2 protein chains.
Amino acid sequence: MDRELVFAALLRRLNTVSGLEDADIAALHELPIAIRHWEAGRAIVSDGERPTDSCLVIEGFCIRSKVIASGQRQILSIHIPGEIPDLQSLHLHRMDHDLITLTASTLGFISHASLRALTRAKPNITEVLWRDTLIDSAMFREWIVNVGQRPATGRLAHIVLELRRRLEVTGRPAGDNFEMPLTQEQIGEALGITPVHANRVIKQLREERIVDISRGRVTVLDEAKLGELAQFDDRYLHQNPSL
Amino acid sequence: MDRELVFAALLRRLNTVSGLEDADIAALHELPIAIRHWEAGRAIVSDGERPTDSCLVIEGFCIRSKVIASGQRQILSIHIPGEIPDLQSLHLHRMDHDLITLTASTLGFISHASLRALTRAKPNITEVLWRDTLIDSAMFREWIVNVGQRPATGRLAHIVLELRRRLEVTGRPAGDNFEMPLTQEQIGEALGITPVHANRVIKQLREERIVDISRGRVTVLDEAKLGELAQFDDRYLHQNPSL
DNA sequence: CAGGGTTCCCAACAAACGTTAAGGACGCGA
DNA sequence: TCGCGTCCTTAACGTTTGTTGGGAACCCTG
């Protein structure tokens, strides 16, 4: 894995979050990043742990989730290359949820020590990273709305469109057909429904020729109907730093 | 309203978030805060706006919420004195949700300009404020779990216990009887259910003598059963900065 | 204290979603 | 290629939640 490619992915993401000066980019470039490979379905950090690093997703998909006492799991977010899903652990020392790979992944670990040193030295970088965690927060807000207010079909449509929108910005082609490597059980955990009902909803959207979700891929069949179902408005993603 | 009291409330909250040095406290003390009174049920900032200040809740209750195209509203969080509900607008310039008073409130407005100057000068304060927004994020995660995984009775129980736990830390007595000034319609909007169903659930918990919620107040009747219903674990609130 | 608005309360019925159970498709390794 | 495990699929039935519509209690103001 070429270190420059890793750096480019990080930079593209952070530049999406906000503008950076040359000196800041140079400083980011000096960050030590330990690259490691992870199998699918393995915990990167678990609830209750005190991680010493935050991790950049270089390749693959990850999710964050919480398990409640009764054993049920809620998926909180889906993460794609270029994102730093557990940046929050820099200042929230004990994990309150799990971070897990969905597919085999390449991860870049950045120590909290080096991140802290960098943010102490470079206020611009602090603001960019802070802003990144605030966007994370905005996505959680929308996820609450999704689970709380939309019917199951709308929830699924919304998650599909959010993922596509975010994939687009990373420079990956995400047209009518793209990767969403969740099993139906995991889709249920993301939407707050049972796997049986997830299957019903997927089946319905397939039969109505709105969207086809199978074998970890999404095929959009009817853009207009999908948009209507999802009521998707990407403002909450704050993808344009200048506004 | 005594300026020192306002400052004390802010400090208690931030000290709960993390430790501060004397120089930092002195710098915070210099922050200009414009105190204003707000009626109940009025927007402080609305979705789409670009606020120039963040606001400290001094007295009263506020909520954050989002309205979707179909007109339904989802309440995202409840805020109590000492908190800064829209700190995120410091770096997320356009609001993606509403901030509204629940009761008549006293608010302290702090300009983004002065906050930015302060965070540029004092890395400790930056970290404390950043951490505050990260706790906000952690609470959203738990809210997702609440709405996504728990049955309606459990959701209500959880919100009640969360609010009580947070009130306790502000130094307010919040024993078996405390204020929760939400109408049943608003409780429904917080839990992702209809007002009719909210009424059913409240009635059920009252009849089972677990908790009585009426006229904006909560009376805990059976601590043990309430705790079992809510499965409340306050770790996600990150109330102890040292861990 | 009269009136009007808001909030609360409830019943009957409809729709969405959960539970249980079971069979089939698919992919992977022996 | 067979066997095994995971994932998908479906049906029947039960429970939770939504909808509609209405009436009672409460509160504020005139």
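A note on names: the letters A, B, ... follow the listed sequences, proteins ahead of strands, and every chain is numbered from 1. As the structure is a prediction and not an experimental result, all values here were calculated from the model.
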Give the rounded distance in Å between these two atoms: [atom1] of [X] and [atom2] of [N].
| X | N | atom1 | atom2 | answer |
| --- | --- | --- | --- | --- |
| A:Glu189 | D:dC7 | CD | C1' | 14 Å |
| A:His197 | D:dA11 | NE2 | P | 15 Å |
| B:Ile193 | D:dT19 | CD1 | P | 12 Å |
| A:Glu185 | D:dG5 | CD | P | 17 Å |
| A:Asp212 | D:dC8 | CG | P | 12 Å |
| A:Ile202 | D:dT9 | CD1 | C1' | 11 Å |
| A:Leu102 | D:dT6 | CG | P | 17 Å |
| A:Gln204 | D:dC8 | CD | C1' | 17 Å |

task = Look at all strands and tell whether A:Thr183 reaches a base, only sugar-phosphate, or nothing, counting heavy atoms closer than 4.0 Å.
result =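 The answer is sugar-phosphate, as A:Thr183 gets under 4.0 Å only of primed atoms, P, OP1 or OP2.
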query = Just checking B:Gly192: base, sugar-phosphate only, or nothing, at a heavy-atom cut-off of under 4.0 Å?
reply =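 Sugar-phosphate contact only - B:Gly192 comes under 4.0 Å of backbone atoms but never of a base.
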So, does [X] use its side chain to make a donor-acceptor pair with the main chain of [Y] at under 3.5 Å?
| X | Y | answer |
| --- | --- | --- |
| B:Glu59 | B:Leu107 | no |
| B:Arg166 | B:Ile78 | yes |
| B:Asp234 | B:Arg165 | no |

key: A:Lys203 side chain near D:dT10 phosphate (N/O to OP1/OP2, under 4.0 Å)   =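 For D:dT10, OP1/OP2 do have a side-chain N/O of A:Lys203 under 4.0 Å.
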ask   = Can you tell me if the side-chain N/O atoms of A:Arg206 get under 4.0 Å from OP1 or OP2 in D:dT9?
value =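 Yes.
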ask   = Can a donor-acceptor pair be found between the side chains of B:His97 and A:Arg141 at a distance below 3.5 Å?
value =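 Yes, because at least one side-chain N or O of B:His97 sits under 3.5 Å from a partner of the opposite role on A:Arg141.
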message = At a heavy-atom distance below 4.0 Å, which nucleotide of DNA chain C is the first touched by chain A, and which is the last?
response =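 Contacts span C:dC17 to C:dT20, reading 5' to 3'.
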ask   = For the ring pair B:Phe109 and B:Trp38, is the centre-to-centre distance below 6.0 Å?
value =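 When the ring centroids of B:Phe109 and B:Trp38 are compared, they turn out to be within the sub-6.0 Å range.
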ask   = For the side chain of A:Asn199, counting heavy atoms from C-beta on, which of D:dA12, D:dT17, D:dT9 is nearest?
value =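 When the side chain of A:Asn199 is considered, D:dT9 is the closest of D:dA12, D:dT17, D:dT9.
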request  = For the side chain of B:Val196, starting at C-beta, report the closest nucleotide among D:dT20, D:dG18, D:dT17.
outcome  =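 Nearest to the side-chain atoms of B:Val196, counting from C-beta on, is D:dT20.
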ask   = Passes side chain to side chain contact (heavy atoms under 4.5 Å, CB included), B:Leu161 versus B:Leu226? Steps please.
value = CA-CA 8 Å; B:Leu161 289 184; B:Leu226 187 62; 3.6 Å; yes
query = Does A:Arg235 come within less than 4.0 Å of B:Asp96, counting only side-chain N to carboxylate O?
reply =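 No, A:Arg235 and B:Asp96 are not salt-bridged.
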query = Which sits closer to the 5' end of DNA chain C, A:Ala198 or B:Ile213, going by the nucleotide each is nearest to?
reply =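 Comparing both residues, the 5'-ward one is B:Ile213.
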